[in-house]
Amino acid sequence: MSGGLDDADADALSALANAPPPSTAGSRKTHSQQLRTNTGTNFKRHHRVPHRKHSLDESRISAVVEGFHIHSDDEDDHDFYPYATSSSRSFADYDSRMLHRYALCQWWHVPPYRSSVPVYNSSGSFSSDEQHPLPEFSGSGGGSGIFKAPSRSAVHPGRPTALELRPHPLRETQVGRFIRTIACTETQLWAGQESGVRFWNFSDAFEPGLGIGGRARRGDEDAAPFYESSNTPPTTCLVIDLGTKLVWSGHKDGKVRSWRMDQQPTDDTPFKEGLSWQAHHRGPVLSLVTSSYGDIWTGSENGVIKVWPWEAVEKSLTLSPAERHMAALLVERASVDLKSQVTVNGQCSISSSDVKYLLSDNVKAKVWAAGSLSFSMWDARTRELLKVYNVDGQIENRVDMSSSQDQPVEEEASVKGSSKPKKEKQQGGSFLQRSRNAIIGAADAVRRVATKGTGAFAAEDAKKTEALLLAYDGMIWTGCSNGVLVQWDANGNRLHDFHHHHCAVLCFCTYGPRIWIGYVSGMVQVIDLEGNLIAGWIAHNGPVIKLVVGNGSIYSLATHGGIRGWYISSPGPLDNILRPELAKREHMYTTLETVKIMVGTWNVGQGKPCQEALVSWLGSQAFDVDIVVVGLQEVEMGAGFLAMSAAKETIGVEGSSNGQWWQDALGKAMGEGSTFERVGSRQLAGLLIAIWVRKSLRTHVGDLDVAAVACGLGRTFGNKGGVGLRLRVYDRIMCFVNCHLAAHLEAVNRRNADFDHIYRNITFGRSINNASGMAQYLFLCCSLAFTYLFWVLYSSFRLPWVLLILSAGVSSTAQMLRPTPSVAMNPDEGKPDLAEADMVIFCGDFNYRLFGITYDEARDFVSQRSFDWLREKDQLRAEMKAGKVFQGMREAIIRFPPTYKFERGKPGLGGYDSGEKKRIPAWCDRILYRDNRSSPTSECSLACPVVASIWLYEACMDVIESDHKPVRCKFKVQISMSIDQ
């Protein structure tokens with residue numbers, strides 16, 4: 001501290017400890033140190049103690065258990081509770097065969113932590129060493145509704161037990177390798193991925209994960225042993241041909257490839273394809289099926305359907321590998337183009353939409369081809385077109401319609417009609433009136449372009465065919481994007497409609513008298529052949545894109561690449577036996593991992609601090625943490641910047657040069673590149689949030705999603721609002737939200753409303769989907785031109801209506817261009833994303849002030865360190881007590897000086913605002929959290945998988961580059977998970 005302190009401040013600071021608390025780095029061995037990985041793609045069988053999957057939860061990583069002990073010295077605070085004690089655990093081996101090989105355990109023994117006494121640090125905050133968490137204050141209202149912590153359990157109560165053939169991999173690990181389809185033989189499960197194909201032997205389904213002592217690429221460490229092909233273009237479809245013992249695959253490059261069934265690679269060499277040929281030259285192979293006569297049918301874009309006769313395929317299969325080129329030519333020359341056969345004088349009898357699904361009715365000797373809104377039926381023997389009809393069952397005799405018939409006639413006429421002579425325009429009113437009319441007209445044009453084609457075709461979009469199935473009784477079933485199931489007879493007559501779920505149907509499979517349905521919501525339902533609903537459960541936390549039957553199980557593939565197996569009799573008596581047995585033995589397959597998180601928040605006031613200030617704030621405390629999350633406010637402000645930012649948000653563009661500067665500077669202060677890796681960020685105008693992860697933990701952190709909610713003028717501008725990040729840490733969902741709420745002492749209700757708006761409306765996703773490419777371009781051009789015009793008008797005339805027009809135009813256009821919220825992945829309708837997270841941390845400039853106190857009184861209490869009394873005057877504390885804001889969230893007891901408002905460049909407590917306004921010091925900058933605990937005494941377990949405690953909560957009073965002081969908070973988070981069995 002420099003020497004500008006008065007006597008009272010000097011006396012107060014002299015009582016503080018001069019050294020930071022000692023730190024004892026944890027000696028735990030991370031799971032990433034236990035894995036031995038490389039870039040190998042195929043794997044040998046490793047003989048280890050077998051342990052395989054069950055459906056207890058999504059967590060899979062081994063770790064150690066750490067126990068905590070609490071000590072509190074604050075007897076005057078009656079509104080907080082100490083952190084609950086957690087005892088250490090031990091795990092014992094267990095014979096998994098008694099639970100049908102659905103459980104696993106290992107021996108673990110971890111000594112409890114030492115206890116020690118909390119100390120004060122040099123920043124004037126109450127801190128602790130590594131052994132004692134800080135006492136906390138908890139807000140009311142968190143036990144019900146959307147603010148209640150999500151319920152978890154050792155065994156999912158709402159679904160049958162499942163085999164985790166391939167646990168949910170992190171999205172980042174699957175780039176270029178996403179699995180898009182699966183198919184089953186009698187002994188194997190095949191998967192088509194973006195880089196080729198792979199297969200699992202059912203006999204290996206309960207073998208240990210390849211990553212433990214084996215060789216696997218990141219993302220497949222916990223999958224059952226599998227074998228992978230050499231690289232190919234992305235696989236789009238798979239078909240099992242039991243007659244030839246081959247698996248046929250269609251690919252994005254238009255080729256059809258064959259793979260031999262039941263092969264058993266003996267080394268790490270990728271297995272190779274057999275016969276292959278170029279099926280389509282101008283598009284991918286979208287669908288593939290073998291008919292009752294052995295012919296191979298393929299569907300592609302623009303309604304193209306080709307048949308590859310069995311005679312040519314059979315002859316090509318007899319040729320040697322050296323004659324592969326000749327074999328491919330033999331098949332290609334024998335192809336039959338069905339679309340060409342039904343095209344006469346340029347007019348085609350079938351639709352030109354993409355042929356997404358092909359189905360062979362071997363009993364009736366028919367082949368069904370389905371596009372989005374129409375069907376065609378073909379004779380499998382003669383290959384003649386039998387019938388063309390739409391999704392409503394109406395026969396279509398019309399010819400193929402060109403895709404280029406839509407012409408913007410009315411818009412062209414509108415443009416012609418609106419042209420006027422120059423002289424007449426000059427007489428059309430005042431400059432401001434003409435500007436206002438032009439702006440509103442431009443915004444209306446953007447809305448017309450953005451919504452063109454969406455209203456008229458919304459009904460048809462809801463009817464789109466998304467899945468096709470031939471049932472055991474010969475009936476044909478189709479699934480629609482609105483969730484409707486349609487039953488057809490073998491002649492293409494529409495019989496019945498069923499609606500059991502509101503989300504889009506993505507896939508079917510059938511076995512005997514049952515039909516399984518996979519939905520975009522992650523739900524799987526079971527119905528009988530009459531359409532009656534038997535059961536349903538949430539199978540994955542993402543869309544179910546494929547269902548297949550094999551080895552007595554139904555295997556489901558989620559869009560994230562996870563594969564689960566469900567007993568074909570589920571739900572049934574076996575589940576009723578397994579579920580309670582697994583729940584009783586939770587301790588045998590549960591382990592804990594500890595993650596240290598540091599969260600920092602700072603209102604930078606559009607400034608750029610020196611590197612020393614950032615090191616003092618974050619770099620000096622990042623040595624023992626695993627994750628660092630930083631929230632900044634007022635990175636950049638100004639009406640012009642805010643307007644431009646709002647315009648850019650509507651077309652999916654975010655960020656600024658200032659935001660990038662801050663991320664680079666923060667990364668440098670924390671050792672980015674050598675110690676930490678930047679995972680992601682999100683900026684909304686002046687709000688910025690970014691996250692760094694220690695490289696040793698990076699293997700277990702991923703699936704980053706971002707979000708932003710504006711709370712400024714018209715809920716459009718980002719001067720106030722929130723930005724958030726969501727990611728998986730050891731398969732648990734954590735959300736971090738950086739907020740800047742409404743300012744001024746009297747605006748308590750507005751701040752509460754801002755929080756509620758952010759909490760309810762923040763929606764995480766990877767990107768912003770726009771209404772159309774034209775809307776993006778037109779809106780961007782309009783926003784660039786008219787935002788500048790607005791700003792000129794406002795700067796020149798100071799007319800408030802200019803800002804109102806800007807707000808209305810941008811807000812309405814943003815609503816039109818904003819993507820429709822994604823379908824809920826949970827059965828709870830309308831539940832916010834934050835409500836489903838295992839841990840939520842809010843940080844930011846909340847702007848809550850001290851009430852019922854004068855400036856001089858507040859200064860005196862700060863100088864005397866009477867924080868207990870000052871806390872009673874804290875608006876946020878009072879509102880949380882009343883359950884009006886941050887319901888159920890917790891904060892460490894504040895024992896540092898108020899962080900607002902200071903004069904820039906003035907060090908120490910003497911730097912509080914002494915100008916004309918003399919703003920009362922306040923704790924504007926805060927960090928709060930919510931974990932899985934439903935009560936203070938809840939221990940970390942699979943039923944309460946994330947339990948956090950605060951070990952440091954302080955303000956950096958020596959940083960003087962802003963009118964706010966930066967705040968940092970360290971969490972120690974225990975994460976419970978089931979060991980990968």
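Quick note: residue numbers are just sequence positions, from 1.
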Could you tell me whether a side-chain N or O of [X] sits under 3.5 Å from a main-chain N or O of [Y], the two making a donor and an acceptor?
X: Lys464; Y: Asn482; result: no
X: Arg678; Y: Val693; result: no
X: Ser481; Y: Ala462; result: yes
X: Ser938; Y: Arg933; result: no
X: Arg698; Y: Arg694; result: no
X: Asp756; Y: Asn752; result: no
X: Arg166; Y: Gly561; result: yes
X: Glu677; Y: Glu672; result: no
X: Asn932; Y: Val946; result: yes
X: Tyr759; Y: Ile146; result: yes

Parallel, tilted or perpendicular: ring planes of Trp566 versus Trp537, cut at 30 and 60 degrees: tilted
Got [X] and [Y] here, is their nearest side-chain heavy-atom distance under 4.5 Å?
X: Phe226; Y: Asp220; value: yes
X: Leu618; Y: Leu666; value: yes
X: Thr601; Y: Ile927; value: yes
X: Trp661; Y: Val635; value: no
X: Glu634; Y: His740; value: yes
X: Ile563; Y: Ile182; value: yes
X: Arg968; Y: Val599; value: no
X: Val544; Y: Tyr519; value: no

Salt-bridge criterion met for [X] and [Y] (N-O under 4.0 Å):
X: Arg930; Y: Asp838; answer: no
X: Arg715; Y: Asp754; answer: yes
X: Lys596; Y: Asp626; answer: no
X: Asp624; Y: Lys970; answer: yes

Option passing side chain to side chain donor-acceptor pair (under 3.5 Å) with Gln633 (candidates Asn738, Asn847, Asn603): Asn738
Gap between atom [atom2] of [Y] and atom [atom1] of [X] - 0.5 Å precision:
X: Asp845; Y: Leu741; atom1: CG; atom2: CG; result: 7.5 Å
X: Ile179; Y: Thr181; atom1: CD1; atom2: OG1; result: 10.0 Å
X: Leu506; Y: Lys546; atom1: CG; atom2: NZ; result: 11.5 Å
X: Ile950; Y: Cys969; atom1: CD1; atom2: SG; result: 4.0 Å
X: Lys720; Y: Arg750; atom1: NZ; atom2: CZ; result: 8.0 Å
X: Leu697; Y: Ile627; atom1: CG; atom2: CD1; result: 5.5 Å

Side chain to side chain contact (heavy atoms under 4.5 Å, CB included) between Trp662 and Leu688, intermediate numbers included: CA-CA 9 Å; Trp662 270 101; Leu688 173 66; 4.0 Å; yes
Aromatic Phe846 / basic Arg926 pairing, under 6.0 angstrom, 45° off normal: no
Cation-aromatic face contact Lys972/Trp951, 6.0 Å, 45 degrees: yes
Of the non-hydrogen atoms in [X] and [Y], which two are nearest, and what is the gap between them?
X: Gly600; Y: Cys843; result: O-SG, 4.3 Å
X: Thr173; Y: Gly219; result: OG1-CA, 3.5 Å
X: Cys940; Y: Gln974; result: SG-O, 3.6 Å
X: Pro169; Y: Gln174; result: CB-NE2, 3.6 Å
X: Thr763; Y: Ala707; result: O-CB, 3.2 Å
X: Val524; Y: Ala539; result: CG2-CB, 3.5 Å

Derivation of the side chain to side chain contact (heavy atoms under 4.5 Å, CB included) call for Val625 and Phe676: CA-CA 10 Å; Val625 298; Phe676 286 92; 4.1 Å; yes
Regarding [X] and [Y], is there a side-chain donor-to-acceptor distance under 3.5 Å anywhere?
X: Asp703; Y: His560; value: no
X: Glu891; Y: Ser138; value: no
X: Gln663; Y: Ser681; value: yes

Residue among Leu684, Leu632, Ile762, Val709 satisfying side-chain contact (heavy atoms from CB on, under 4.5 Å) with Val723: Leu684
Residue of the set Trp602, Phe736, Trp692 for which side-chain contact (heavy atoms from CB on, under 4.5 Å) holds with Val630: Trp692
Residues Arg171, Phe178; criterion side chain to side chain contact (heavy atoms under 4.5 Å, CB included); working and verdict: CA-CA 9 Å; Arg171 186 190 308 136; Phe178 276 102; 3.8 Å; yes
Verdict with supporting geometry, Thr235 and Arg180, side chain to side chain contact (heavy atoms under 4.5 Å, CB included): CA-CA 7 Å; Thr235 305; Arg180 296 308 185 195; over 6 Å; no
Aromatic centroids of Phe842 and Phe755 separated by under 6.0 Å: yes
